[in-house]
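Each remark here refers to the structure printed beneath this line.
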Number of protein chains: 2
Amino acid sequence: MSENINTWLSQINNDYKAALSVDCVIFGYTDADLYVGTIKCNMPPYEGLPSLVGDLVRPDENSDQAVNRIIIEKTGFKNLYFEQVHTFTNIDRHPLGRVVSIAYFSLIKLDEYQRAESSNTKELNWINLNENFILAFDHNQILEKCITQLRDQIKDRPVGFNLLPKKFTINQLQELYEVILQIKLDKRNFRRKLLSLGILSDIKEFQTEVSHRPAKYYSFNKQLYDKRKSDGFLF
Amino acid sequence: MSENINTWLSQINNDYKAALSVDCVIFGYTDADLYVGTIKCNMPPYEGLPSLVGDLVRPDENSDQAVNRIIIEKTGFKNLYFEQVHTFTNIDRHPLGRVVSIAYFSLIKLDEYQRAESSNTKELNWINLNENFILAFDHNQILEKCITQLRDQIKDRPVGFNLLPKKFTINQLQELYEVILQIKLDKRNFRRKLLSLGILSDIKEFQTEVSHRPAKYYSFNKQLYDKRKSDGFLF
DNA sequence: ACAAAAGTGTTGTCGCTACACCCATGG
DNA sequence: CCATGGGTGTAGCGACAACACTTTTGT
């Protein structure tokens, strides 16, 4: 930091301060498509446009806590996985003054969201990422960065596992990869690869009430993952 | 953002604001080792400890601009490549109050730094990353995150090229990789791999005044890189 | 002629891709 | 018994790792 405490104390006042906000890119996915959850912006000059879900970070919380709060508020999900992506600091990014925004992404299975959607959760508008659309503020830019990051991450980190229910089938995992990366994967190769990583636990459960051969459920084994990570690499 | 402008306007005052700072992890490398550039902290309770180079972001600049300013101040290098890594927001991370810090990393060849070190650049203390040491504030944590990021990045992005002089030899590039990743690489395989990427230009120049066979200089060809990136993947 | 770093090819292995059919269940 | 998605094996190819000697320059 600066060499002099006094410099600090004086600078830290007034216009050296900024409002701190977080913006969440909440991805929602179905069998076929990837969406982003938005709300309607009511601030000129962006009135009426969709915007990402965000809020100011309160004085008594850090940004992760703020994100957690917002996600619970908007989706009702209490332990959703999320990651910090990038911080946007352009001086004119917000009409009301200097607002710095820390961008996060998260991901949710859309039919679970709809099933869970309860009395008190505010409704999100889901926009299909295959369409073109304009968001308020610099939110298109934020969204782009988050999409890129999500795609990069999923290729060499088990982000996908954090994003699925505790138990899932290999095919569900594959669908998630396909939707995120927008490519078609080979069933056999995908299964072989993922199982060979040795980070999935066979929990000896099967689907029920499906009108076809029931699939085996697996869960993500974090211990094995951490162990393997400390040895060498992964994926 | 929030649904109501008034919410915004009122909240944005007072204790909802934070001081905004950047901290730079300036890596320095030699043939054999990787270092981090530090200054001496004079703020209790961390007085006397080394700390990362950082400063407040001024009201008229964004965080990238602040980083650029700091790097020029401390190293004299005008176009050093740098990247944003992560933002640290814990409420008690700074003794003087709420200071949010955006972490960046950069990288410099140590002998160039020493050669260029001029009258007006403040001196940095270079700490070898193989040693154990304690930094002021949460700077050890910031440093860790930056090291991880640098290692991850270099594996699948041409970060390395941005970090070298405009013209460099393949062996210099290899040394950089070896120092950063802390592994020994095979000369032939490295050369083959890098040349096969097709993003290096042979600039038809050779080392001079070396008492051994002079090496060919290459430069990073950004056009080729961008082209290749838009086709498919890379590395 | 010697020291010092630059530069060069081949072979085995492992992981990825491509591809088509049988299995278990519900209706 | 039919429809639906679950689950399996193999062969060819390409990328990566391992490995030692010759070349060019300065002294």
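Keep in mind that what you see is a predicted model, and the values were worked out from it rather than measured. Lettering of chains follows the sequences in order, A, B, ..., and the numbering in each one begins at 1.
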>> Rounded to whole Å, how long is the line connecting atom CZ of F206(B) with atom C1' of dG7(C)?
In response: 11 Å
> In terms of side-chain heavy atoms of R213(B), which of dA18(D), dA24(C), dG7(C) is nearest?
Replying inline: dG7(C)
> So F82(B) and Y104(B), would you call those rings parallel, tilted or perpendicular, with 30° and 60° as cut-offs?
Replying inline: perpendicular
> dG7(D) phosphate, OP1 or OP2: any side-chain N/O from R191(A) under 4.0 angstrom?
Replying inline: yes
> Do you know which of L129(A), L110(A), I108(A), I26(A) makes side-chain contact (heavy atoms from CB on, under 4.5 Å) with Y35(A)?
Replying inline: L110(A)
> Once you round it to whole Å, what is the distance between C1' of dC23(C) and NZ of K216(A)?
Replying inline: 14 Å
> Between dG26(C), dT8(C), dC19(D), which nucleotide gets closest to the side-chain atoms of S211(A)?
Replying inline: dG26(C)
> Can you check the D186(B) CG to dT10(C) C1' distance for me, whole Å?
Replying inline: 13 Å
>> Measure CZ/F190(A) against P/dT17(C) and give the value in whole Å, please.
In response: 12 Å
>> Rounding to an integer number of Å, can you tell me how far K193(B) NZ sits from dG14(D) P?
In response: 17 Å
>> Rounding to an integer number of Å, can you tell me how far Q174(A) CD sits from dG7(D) C1'?
In response: 12 Å
>> From CG of L185(B) over to P of dA15(D), roughly how many Å is that when rounded to an integer?
In response: 19 Å
>> Nearest to the H212(A) side chain among dG5(D), dT10(C), dT24(D), which nucleotide is it?
In response: dG5(D)
>> Rounded to whole Å, how long is the line connecting atom CG of L195(B) with atom P of dA15(D)?
In response: 15 Å
> Can you say whether the rings of F220(B) and Y225(B) are parallel (under 30°), tilted (30 to 60°) or perpendicular (over 60°)?
Replying inline: tilted
>> Between E209(A) and R192(A), which residue's closest nucleotide on DNA chain C lies nearer the 5′ terminus?
In response: R192(A)
> Is T38(B) reaching over with its side chain to a backbone N or O of P50(B), donor-acceptor style, under 3.5 angstrom?
Replying inline: no
>> Judged by each residue's nearest nucleotide on DNA chain C, which is more toward the 5′ side, R188(B) or Q172(B)?
In response: Q172(B)
> Counting only N and O atoms by type, is there a donor-acceptor contact under 3.5 Å from the side chain of Q65(B) to the main-chain atoms of N62(B)?
Replying inline: yes
>> As a test of reading the structure: which of dG9(C), dT8(D), dA24(C) is closest to the side chain of K187(A), going by heavy atoms?
In response: dT8(D)
> Is the shortest side-chain N/O distance from N171(A) to OP1 or OP2 of dG6(D) below 4.0 Å?
Replying inline: yes
